[in-house]
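Every heavy atom of this structure was used, including side-chain atoms; hydrogens, water molecules and symmetry mates were not. Every chain is numbered from 1 and lettered A, B, ... according to where its sequence line falls, protein lines coming before strand lines.
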Number of protein chains: 2
Amino acid sequence: MNRRCTRQKQIILRVISGDGVHMTADEVYAAVRKEDPEIGLATVYRNLNLMCEEGRIQKVSDNGVSFYDGNPAPHDHFVCRICGTIMDAPTTYDRALDAAVEEAGGVIVDRHSIIFSGICSECMEKQKEKEKEKWS
Amino acid sequence: MNRRCTRQKQIILRVISGDGVHMTADEVYAAVRKEDPEIGLATVYRNLNLMCEEGRIQKVSDNGVSFYDGNPAPHDHFVCRICGTIMDAPTTYDRALDAAVEEAGGVIVDRHSIIFSGICSECMEKQKEKEKEKWS
DNA sequence: CTTCGTGCAAATTATTTGCATGGCA
DNA sequence: TGCCATGCAAATAATTTGCACGAAG
């Protein structure tokens, strides 16, 4: 599975790989097209899905919006409800939570996903600016 | 906002309300149609969205699948990767996590969502059955 | 009565799939 | 050279929206 190393795969992986990179499929598509305008959206989706299965990247979804995360290691996320940006949360992924749920619920837990939502520091700044303008 | 109390709203709210109730929009649609076969899918969506905004229910999404939860209080969830069932997790919603992220990240956190995934007890049983069959 | 909510169908959005062809191994 | 991966377009799936009509207040 995923044997052949095509030019498209290399470009997509280069674009999405790396710690702190979070992109929607369309963003990946747009970025990849700068290097190869002939590439198709379906190819981007196919390869992103493949890379998720291979554990090279991961997919993070929040309320209908999906992001591909260049860092496959489990970690938590923060989403700004103003600008929609997603970023890594400054937390330590806590595997102990899973064990607690297994014990209390009589289930097997493979993993968990924590998504914090609120307002990012940039949007906080912008809001402060607007407040100032009102008074000037 | 949502002034009129229509028959449709009453039925939808009755179907979705309650602790432990998690349904997809289609499931709500199917259930509601048993009481009123004339009801439209768009009406179901419109009202579920309204009730979310009003804080009467909440929407929970996991990797592209959305559930409406009859209990609006923040709490964690568990999703079975075999049968897809979603249920409340046997955990205590921890508001302290939000404060930690606020402090470490310089952001405002309104809430968080934790979704555990794994195998539910029913699916575990079924797997055991299959194992036995192999040996009998 | 007036205006909001509904039902229906069409429109959107995000993603997947079928198929003929080109390109890695 | 053989078969997988690609590009394109069409197919799906989930949800939203426009509009004329019916019903709640």
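- DNA chain C lies under 4.0 Å from at least one heavy atom of each of the following residues of residues 62-71 of chain A: A:S66.
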Using nucleotides 10-13 of chain D, report all nitrogen or oxygen pairs with the protein that are shorter than 3.5 Å.
none

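- As a whole-Å value, the separation of B:N49 CG from C:dG5 P is 14 Å.
- Shown here are the side chain to side chain contact (heavy atoms under 4.5 Å, CB included) partners of A:K59, two or more places apart in sequence or in another chain: A:C52, A:S61, A:S66, A:Y68, B:N63.
- For B:H75, the ring-ring contact (aromatic ring centres under 6.0 Å, His included) partners are B:H77, not counting sequence neighbours.
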Could you list, one pair per line, each protein nitrogen or oxygen that sits under 3.5 Å from a nitrogen or oxygen of nucleotides 22-25 of chain C, together with the distance?
residue	atom	partner	partner atom	Å
C:dG23	N2	A:R4	NH1	2.3
C:dA25	OP1	A:C5	N	3.1

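- Among pairs with a residue in residues 24-33 of chain B, none fulfils salt bridge (charged side-chain N to carboxylate O under 4.0 Å, His left out), at least two apart in sequence or across chains.
- Within residues 30-41 of chain B, the residues having any heavy atom closer than 4.0 Å to DNA chain D are, in order of number, B:L41.
- Of the candidates D:dG7, C:dT15, D:dA14, the closest approach to any side-chain atom of B:D26 belongs to D:dA14.
- Rounded to 10°, the helix from C:dC1-D:dG25 to C:dA25-D:dT1 has 30° between the axis fitted to its first five pairs and the one fitted to its last five.
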Enumerate donor-acceptor pairs with a distance under 3.5 Å from any side-chain N or O in residues 36-46 of chain B to protein atoms, sequence neighbours excluded.
residue	atom	partner	partner atom	Å
B:D36	OD1	B:E38	N	3.0
B:D36	OD2	B:R7	NH1	2.4

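- A:P72 pairs by the side chain to side chain contact (heavy atoms under 4.5 Å, CB included) definition with nothing, not counting sequence neighbours.
- Around atom CD of A:E103, no more than 12 heavy atoms belonging to other residues, nucleotides or ligands sit under 6.0 Å away.
- Sorted by first and then second residue, the salt bridge (charged side-chain N to carboxylate O under 4.0 Å, His left out) pairs involving residues 11-24 of chain B (not counting sequence neighbours) are B:R14-B:E35.
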N/O donor-acceptor pairs under 3.5 Å from side chains in residues 104-114 of chain A, not counting sequence neighbours:
residue	atom	partner	partner atom	Å
A:D110	OD1	B:R81	NH2	3.4
A:D110	OD2	B:R81	NE	2.6
A:D110	OD2	B:R81	NH2	3.0
A:R111	NH1	B:S117	OG	3.4
A:H112	ND1	A:D98	OD1	2.6

